[in-house]
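Quick caveat: nothing in here was measured; it's all calculated off a predicted structure. First listed ligand is number 1; within each ligand, the first listed atom is number 1.
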Amino acid sequence: MDRLKDKIAIITGAAGGIGRVAAELFVKEGAKVVLADKDSENGAKAAKEICVLSPNSAIFFPLDVTDKQSWGQCIEQTLNTFGKLNILINNAGVSFRETVEETTMESWQTTLAVNQTGVFLGIQSALEVMKTNGEPCAIVNTASVDGLRGDSVFFAYCATKAAVEAMTKCAALCCAENSWPIRVNAVAPGYILTPMAYEDARQNGQTIEEYCAESVKLHPIGHLGKPEDIAYAYLYLASDEASFVTGTTLAVDGGYTCR
Ligand code: NAI
């Protein structure tokens with residue numbers, strides 16, 4: 001119940017999918033949460049629904065993770081509302097099903113802006129306030145099995161998710177070497193049934209049933225993941241239970257990367 005008691009968290013990409021489920025779990029575990037997403041309609045709705053379960057436990061902020069100024073405003077809103085920041089979950093992401101030949105400048109730049117620059121700006125903005133708040137803090141980034149393995153049809157996506165792992169290690173070392181009380185880790189999900197999976201099926205001209213039947217073969221455990229599977233990994237890495245864990249990428253992938 002209280003694994004995140006008195007912690008204040010920002011979760012990006014929290015209007016739907018994994019981020020939405022993580023926001024609710026974090027509140028159940030005692031945190032107050034800023035749901036940050038560029039999708040204002042679903043983000044505001046999600047924060048409202050969470051507040052019905054636990055009054056004054058969540059707000060929505062219309063964050064564009066690719067924009068430094070937007071990050072500054074999000075942090076300011078967090079401090080004004082809840083007084084501090086302990087946890088950042090860099091969860092927002094986009095994917096395009098394209099090989100190296102098919103990748104356009106537009107999709108390349110969008111993927112880099114959200115998945116890579118967004119994580120960089122998030123880490124940089126959070127460090128600024130976390131390093132002086134005097135309490136244990138944690139940043140969790142979202143990588144992917146596609147950052148650990150190549151996949152010919154996700155060229156830009158794989159590139160950014162591998163970069164997330166590298167940024168995680170570099171930022172973790174920077175915090176440790178400066179004795180800042182901040183741990184930085186990443187989670188690498190296998191395939192999870194979220195709106196992103198539905199969109200991927202659509203881009204591949206498949207029904208969701210066809211998509212699942214094909215994707216499940218990549219996961220030795222015999223099924224795809226649920227958003228909760230990733231939310232619990234975020235929870236562990238964000239909590240003080242993981243106080244000796246920094247700079248690591250935790251694969252939550254049903255055995256995908258064992259092969
Ligand atoms: P989703 O598509 O359901 O949710 C992503 C959220 O990010 C959306 O609410 C969207 O509005 C938000 N977003 C996109 N661009 C943004 C921006 N510029 N600023 C702020 N918010 C923005 O995706 P899902 O599946 O929940 O993915 C969450 C994370 O998990 C992503 O980083 C994704 O790459 C990663 N992941 C997902 C996998 C899956 O199979 N679903 C597998 C491996 C990693």
Side-chain angles (χ1 to χ4, degrees), residues 10-25 34-47 60-71 73-74 88-97 107 109-122 125 140-149 151 154 156-165 167-168 186-204 208 211-212 214-216 218-219 223-231 233-234 249-254 256-257:
I10 295 175
I11 303 180
T12 70
I18 295 167
R20 164 70 178 82
V21 170
E24 192 165 325
L25 177 64
V34 178
L35 290 88
D37 202 295
K38 65 167 196 184
D39 177 351
S40 292
E41 192 183 332
N42 288 314
K45 187 165 163 271
F60 169 70
F61 186 85
L63 172 71
D64 177 355
V65 296
T66 69
D67 179 2
K68 189 169 170 64
Q69 198 183 352
S70 184
W71 270 108
Q73 291 161 349
C74 180
L88 169 64
I89 309 292
N90 274 317
N91 165 80
V94 292
S95 74
F96 298 95
R97 181 175 273 269
S107 61
Q109 277 165 349
T110 302
T111 310
L112 260 72
V114 178
N115 297 3
Q116 192 168 342
T117 306
V119 171
F120 154 56
L121 291 175
S125 309
V140 184
N141 302 319
T142 310
S144 168
V145 289
D146 280 351
L148 303 168
R149 294 279 188 277
D151 189 329
F154 286 107
Y157 186 73
C158 288
T160 59
K161 292 302 187 178
V164 168
E165 268 204 270
M167 291 190 290
T168 298
V187 174
Y191 287 31
I192 312 295
L193 262 188
T194 66
M196 183 178 273
Y198 280 80
E199 173 57 22
D200 185 31
R202 193 193 63 74
Q203 287 181 27
N204 202 27
I208 194 67
Y211 174 88
C212 289
E214 189 181 295
S215 308
V216 79
L218 300 167
H219 300 76
H223 57 85
L224 300 189
K226 303 182 297 301
E228 288 77 3
D229 295 320
I230 307 307
Y234 289 162
T249 295
L250 174 61
V252 181
D253 66 358
Y256 185 115
T257 48

Asks: Can you check which of Asp67, Thr66, Asp37, Asp39 brings a heavy atom nearest to atom 11 (O) of ligand 1?
Replies: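 Checking each option, the heavy atom nearest atom 11 (O) of ligand 1 is found in Asp37.
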Asks: For the pair Lys161 (side chain) and Thr142 (backbone), establish whether a donor and an acceptor sit closer than 3.5 Å, ignoring hydrogens and angles.
Replies: yes
Asks: Determine yes or no for a side-chain-to-main-chain donor-acceptor pair under 3.5 angstrom, with Asn115 supplying the side chain and Val94 the backbone.
Replies: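 Indeed, once roles are kept as given, a pair shorter than 3.5 Å links the two residues.
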Asks: Hey, looking at atom 15 (N) of ligand 1, which of Lys161, Met196, Lys38, Arg20 has the closest heavy atom?
Replies: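 Minimum heavy-atom distance to atom 15 (N) of ligand 1 goes to Lys38.
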Asks: What's the shortest distance from atom 25 (O) of ligand 1 to any protein heavy atom, and which residue and atom give it?
Replies: Thr194 OG1, 2.5 Å
Asks: Could you tell me the residue and atom name of the protein heavy atom closest to atom 30 (O) of ligand 1, and the distance to it rounded to 0.1 Å?
Replies: Thr142 CG2, 3.3 Å
Asks: For a 4.5 angstrom cut-off between non-hydrogen side-chain atoms, does Asp146 reach Tyr256?
Replies: yes
Asks: Any idea which part of Val114 is under 4.0 Å from ligand 1, heavy-atom wise: side chain, backbone, both or neither?
Replies: side chain
Asks: Any atoms of ligand 1 less than 4.0 Å from a non-hydrogen atom of Asn91? List them with their elements.
Replies: 28 (C), 29 (C), 31 (C), 32 (O)
Asks: Give a yes or no on whether the backbone of Cys212 and the side-chain of Ser215 come within a donor-acceptor separation of less than 3.5 Å.
Replies: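 Pair absent, no side-chain N/O of Ser215 close to backbone of Cys212.
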Asks: Taking atom types as modelled, find out whether Asp200 and Tyr211 have a side-chain donor-acceptor pair closer than 3.5 angstrom.
Replies: yes
Asks: Taking only heavy atoms of Tyr191, which atoms of ligand 1 are found under 4.0 Å from at least one of them?
Replies: 40 (O)
Asks: Number the atoms of ligand 1 from 1 as they appear, then name those within less than 4.0 Å of a heavy atom of Pro195, with their elements.
Replies: 3 (O)
Asks: Note the single closest protein heavy atom to atom 5 (C) of ligand 1, along with its residue, its atom name and the distance in Å.
Replies: Gly93 O, 3.8 Å
Asks: Does Gly190 reach ligand 1, in the sense of a heavy atom lying below 4.0 Å from it?
Replies: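 Yes, Gly190 has a heavy atom closer than 4.0 Å to ligand 1.
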Asks: At what distance is the nearest protein heavy atom to atom 27 (O) of ligand 1, and which residue and atom is it?
Replies: Ile18 CD1, 4.0 Å
Asks: Which residues pass the side chain to side chain donor-acceptor pair (under 3.5 Å) test with Thr12, sequence neighbours left out?
Replies: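 If we apply the side chain to side chain donor-acceptor pair (under 3.5 Å) test to Thr12, skipping adjacent residues, there are no hits.
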Asks: Looking at every non-hydrogen atom in both residues, tell me the closest pair between Val119 and Asn90 and how far apart they are.
Replies: O-ND2, 3.7 Å
Asks: Using heavy atoms and a 4.0 Å limit, tell me yes or no: is Thr12 in contact with ligand 1?
Replies: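 Judged by the 4.0 Å heavy-atom criterion, Thr12 does not count as contacting ligand 1.
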Asks: Of all the heavy atoms in Ala143, does at least one lie under 4.0 Å from an atom in ligand 1?
Replies: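 Right, Ala143 reaches ligand 1.
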Asks: Which atoms from ligand 1 have a heavy atom of Tyr157 less than 4.0 Å away?
Replies: 33 (C), 34 (O), 35 (C), 36 (N), 43 (C), 44 (C)
Asks: Grab the two heavy atoms, one from Val145 and one from Gly190, that are nearest each other, plus how far apart they are.
Replies: CG1-CA, 3.8 Å
Asks: Does any non-hydrogen side-chain atom of Ile230 lie less than 4.5 Å from one of Ile192?
Replies: yes
Asks: Pairing donors with acceptors under 3.5 angstrom, does anything connect the side chains of Tyr234 and Asn91?
Replies: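 Yes - a donor-acceptor pair under 3.5 Å links their side chains.
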Asks: Please could you name the atoms of ligand 1 that Leu63 approaches to less than 4.0 Å, counting only its heavy atoms?
Replies: 19 (N), 20 (C)
Asks: With sequence neighbours excluded, what pairs up with Thr66 under the side chain to side chain donor-acceptor pair (under 3.5 Å) test?
Replies: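 Partners of Thr66 by the side chain to side chain donor-acceptor pair (under 3.5 Å) criterion, ordered by chain and then number, come out as Asp64.
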Asks: Identify, for atom 7 (O) of ligand 1, the protein heavy atom at the shortest distance, and state residue, atom and that distance.
Replies: Gly13 CA, 3.5 Å
Asks: Give me the nearest non-hydrogen protein atom to atom 19 (N) of ligand 1 as residue plus atom name, then the distance to 0.1 Å.
Replies: Val65 N, 3.0 Å
Asks: Decide salt bridge (charged side-chain N to carboxylate O under 4.0 Å, His left out) for Arg20 and Glu24; before the verdict, give the C-alpha distance in whole Å, the side-chain angles of both, and the deciding distance to 0.1 Å.
Replies: CA-CA 7 Å; Arg20 164 70 178 82; Glu24 192 165 325; 2.9 Å; yes
Asks: Just need the protein heavy atom nearest to atom 18 (N) of ligand 1, so name the residue and atom and give the distance.
Replies: Asp64 OD1, 3.0 Å
Asks: Which heavy atom of the protein is the closest neighbour of atom 40 (O) of ligand 1, given with residue, atom name and distance?
Replies: Ile192 N, 2.8 Å
